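Report on the following structure.
Chain A is the first sequence line, chain B the second, and so forth, proteins listed ahead of strands; every chain is numbered from 1. Note that the structure is predicted; figures quoted are calculated from it, not measured.
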Amino acid sequence: MSMPKDKRAQIYRERVKALQPKSKASGMCVRAFFVGGLICCIGQLIRDFGEKALKLTGNDLSTFTCVVLIFLGALTTGLGIYDRIAKFAGAGTSVPITGFANSMTAPAMEYKKEGFISGLGTRLFSIAGPVLTYGVAGSVIVGLLSLIFH
Amino acid sequence: MPACKRKGERTVFFERKPHIVSAASIVGDMEGAGPLGALFDKILQDDTWGESSWEKAESKMFEAAARMALDKTGLSTGGLHCLLGGDLLNQLITANYAARELSVPFFGLYSACATLTEALLLAGMLIEGGFLGNAACVASSHFSAAERQFRYPLEMGVTAPPTAQRTVTGAGALVLRGDAPSPCDPFQSVCVAGGTIGRVVDMGITDMSNMGAAMAPAAADTLRAHLRDSGKSLMDYDAVITGDLGKFGTKMLIELCDSEGLHIEEKHMDCGNLIFAPGQGADCGGSGCGCAPVVLGAHLLQMLEDGIWNRILFLATGALMSPVSNLQGESIPGIAHAVILERVRA
Amino acid sequence: MKYVIVFLVGGAICVIGQLLICYTRMTTARILVAFVLAGIVLTALGVYEPLIGFANAGASVPLTGFGYTLAKGAIDGARQNGVLGAITGGLEASSGGVAAAIFFAVSGALAFSPKTKK
């Protein structure tokens, strides 16, 4: 009891850290691996379809693949399926580009109750915003650096 | 000038011992499918309850629970002296909009999930002091409204860490009376005998998905203060019941108490652990302002009424977190207010 | 064989994300940013392009691939158009994906409403 408050708090935090249940990393990783790998294979199927059936090449082919995957991500989010797969697959659904689509569709759906401007329009970017912000800023930095080093 | 009724540092005992004469609880379907399902007054199969938003649905639940509890004891809103209550949403919108509809004298309270015992303790003091003849204490929470305010949009694919608790969709109301219960009141022999005011206790937990750990030290602090102030021991209580520490918070509370020689494990229960069954997808238990009142009103009060218990200490615990302060690096303070609930022989 | 490699590499990249979630308790929002930035850095270092050549969709579908598209666009733009190209290149190359994400998110929000989770 005579222990200073900060010391007691620190001991408590250490106990919490030691005792708190850990997520079962091995199981989660296996599931993330399978679902993530599967989504990539679906991406490859779309790409092969674009290449062979639609005769797309180069950037158009990449964009086509990306757009179709994003459509599928948004659609399964709307149908309420994506978050259920995510509960099972963890990063296996967050890391692929479909997760990016999910992170924009989910807040857009959620906040449309607060109106189209301040709700849907603003909050659409509440999770994906930083991805675009730092992604675009990063690409400009890399572009400028490439001018210096080449 | 009568002497101050405070005992010790922050404990009070009531002479009038306000009776809890009725209770009402409304819950969502997942809570209804839990172990206490049969005991709730109303289970909503559709948790929007026909409203256009979760917030409106929660407010409707709050209002309906209050009306239902008043009905059971034959009180009209006009006969109610004061409504005390709150919820989790910003600016207390659930309680405020419900109070707008009820149009009764109203104190809006916020202690996160400790709101119910804050209301009970204050209502007890107001009745004891002779300022009110009766009062209603109401608290509520809604899973979907809480998710969008504190965490992620519902359809966002995220996995919750194993310490995360599930916000209970529920509203619970209790009606207190200064005079003796009338013969048709649901509860004839349950009273609020006193309580201990909580302190804000912060051990520096910052993880928003580990609220049990953030609240446990507050519960231990209030329990310790209560026993010291009152001169009572654990032997005087049939049970010590916390609000929503959940599985892990319970573990930390027991460890904290054990380290001070208070062995509460056998007498301890937690509303958050009672409301969901294993396999319901809420493995760490329930949480939220609505958790304590629906479990108390639907289950625990009946245990006192039936004479299975004679005296319990009820500590609802609140994690006073805000997404804003959390993003600014602040830790999560906790608070626990305790009330003594007793069986009195008529 | 191609699909086996796609599966293995794509799965492995997701496992890295899962390990970060489990061991650092990193939030999903941070994971997304970290992966895009990692893709940009690896592309700038010249590592990611060969990986795309090897694993195809296994490397382009994860968000690191989005980082690759951004960085590659900026580098190509800089080569062709100097400073202006360095600024426009990233968004130009990824414009399809960004526009699609915005459009489908808005459409999804108009067509569907969120439901309580069990």
Can you tell me which of [options] forms the most heavy-atom pairs within a distance under 4.5 Å of chain A?
options	value
I13(C), V4(C), V41(C), V83(C)	V83(C)
A93(C), G82(C), A59(C)	G82(C)
L37(C), V36(C), I40(C)	I40(C)
G96(C), G90(C), P62(C), G65(C)	P62(C)
V98(C), I31(C), V15(C)	V15(C)

Which pair of non-hydrogen atoms, one from [X] and one from [Y], has the smallest distance, and what is that distance?
X	Y	value
A86(C)	G143(A)	CB-C, 3.5 Å
A101(C)	F100(A)	CB-CE2, 3.9 Å
A91(A)	G17(C)	CB-C, 3.6 Å
C22(C)	M28(A)	SG-CB, 4.3 Å
C40(A)	G10(C)	SG-CA, 3.5 Å

Could you tell me which portion of [X] (side chain, backbone, both or neither) has an atom closer than 4.5 angstrom to a non-hydrogen atom of chain A?
X	answer
I75(C)	both
L20(C)	neither
V33(C)	both
I16(C)	neither
L32(C)	both
L63(C)	both
V9(C)	neither

Atom CZ of F64(A) with >12 non-hydrogen neighbours under 6.0 angstrom: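 Atom CZ in F64(A) is crowded, with more than 12 foreign heavy atoms closer than 6.0 Å.
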
Exceeds 12 heavy-atom contacts within 6.0 angstrom, atom CD1 of I117(A):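 No, not enclosed.
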
Proximity breakdown for [X] and chain C, heavy-atom pairs closer than 4.5 Å:
X	result
I42(A)	neither
A32(A)	both
A25(A)	both
A137(A)	neither
I97(A)	both
F149(A)	neither

Between chain A and chain C, which donor-acceptor atom pairs come closer than 3.5 Å, counting both backbone and side-chain atoms?
residue: K2(C); atom: NZ; partner: D48(A); partner atom: OD1; Å: 3.1
residue: K2(C); atom: NZ; partner: D48(A); partner atom: OD2; Å: 3.1
residue: Y3(C); atom: OH; partner: L45(A); partner atom: N; Å: 3.4
residue: Y3(C); atom: OH; partner: D48(A); partner atom: OD2; Å: 2.7
residue: Q18(C); atom: OE1; partner: A91(A); partner atom: N; Å: 2.7
residue: R25(C); atom: NH1; partner: Q20(A); partner atom: OE1; Å: 3.4
residue: A57(C); atom: N; partner: Q44(A); partner atom: OE1; Å: 2.9
residue: V61(C); atom: O; partner: I97(A); partner atom: N; Å: 2.9
residue: L63(C); atom: N; partner: V95(A); partner atom: O; Å: 2.8
residue: A109(C); atom: O; partner: K112(A); partner atom: NZ; Å: 2.7
residue: F112(C); atom: O; partner: K112(A); partner atom: NZ; Å: 2.9
residue: S113(C); atom: OG; partner: K112(A); partner atom: NZ; Å: 3.2
residue: K117(C); atom: NZ; partner: D83(A); partner atom: OD1; Å: 3.4
residue: K117(C); atom: NZ; partner: D83(A); partner atom: OD2; Å: 3.4
residue: K118(C); atom: O; partner: K87(A); partner atom: NZ; Å: 3.3

Minimum side-chain heavy-atom gap F35(C)-V131(A) below 4.5 Å: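 Sidechains of V131(A) and F35(C): no contact.
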
Beyond-backbone contact of L8(C) with F33(A), side-chain heavy atoms, under 4.5 angstrom: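 Yes - at least one pair of side-chain heavy atoms lies under 4.5 Å apart.
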
Stepwise side chain to side chain contact (heavy atoms under 4.5 Å, CB included) check, V106(C) with F116(A): CA-CA 10 Å; V106(C) 173; F116(A) 288 103; over 6 Å; no

For chain C, which candidate among [options] shows the most heavy-atom pairs at distances under 4.5 Å?
options	answer
A108(A), A74(A), C29(A), G43(A)	C29(A)
I39(A), L79(A), V35(A)	L79(A)
L38(A), L147(A), I127(A)	L147(A)

Per-residue contacts, residues 66-73 of chain A versus chain C, heavy atoms under 4.5 Å: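 Against chain C, the residues of residues 66-73 of chain A that fall inside the cut-off (heavy atoms, under 4.5 Å) are C66(A), V67(A), L69(A), I70(A), F71(A).
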
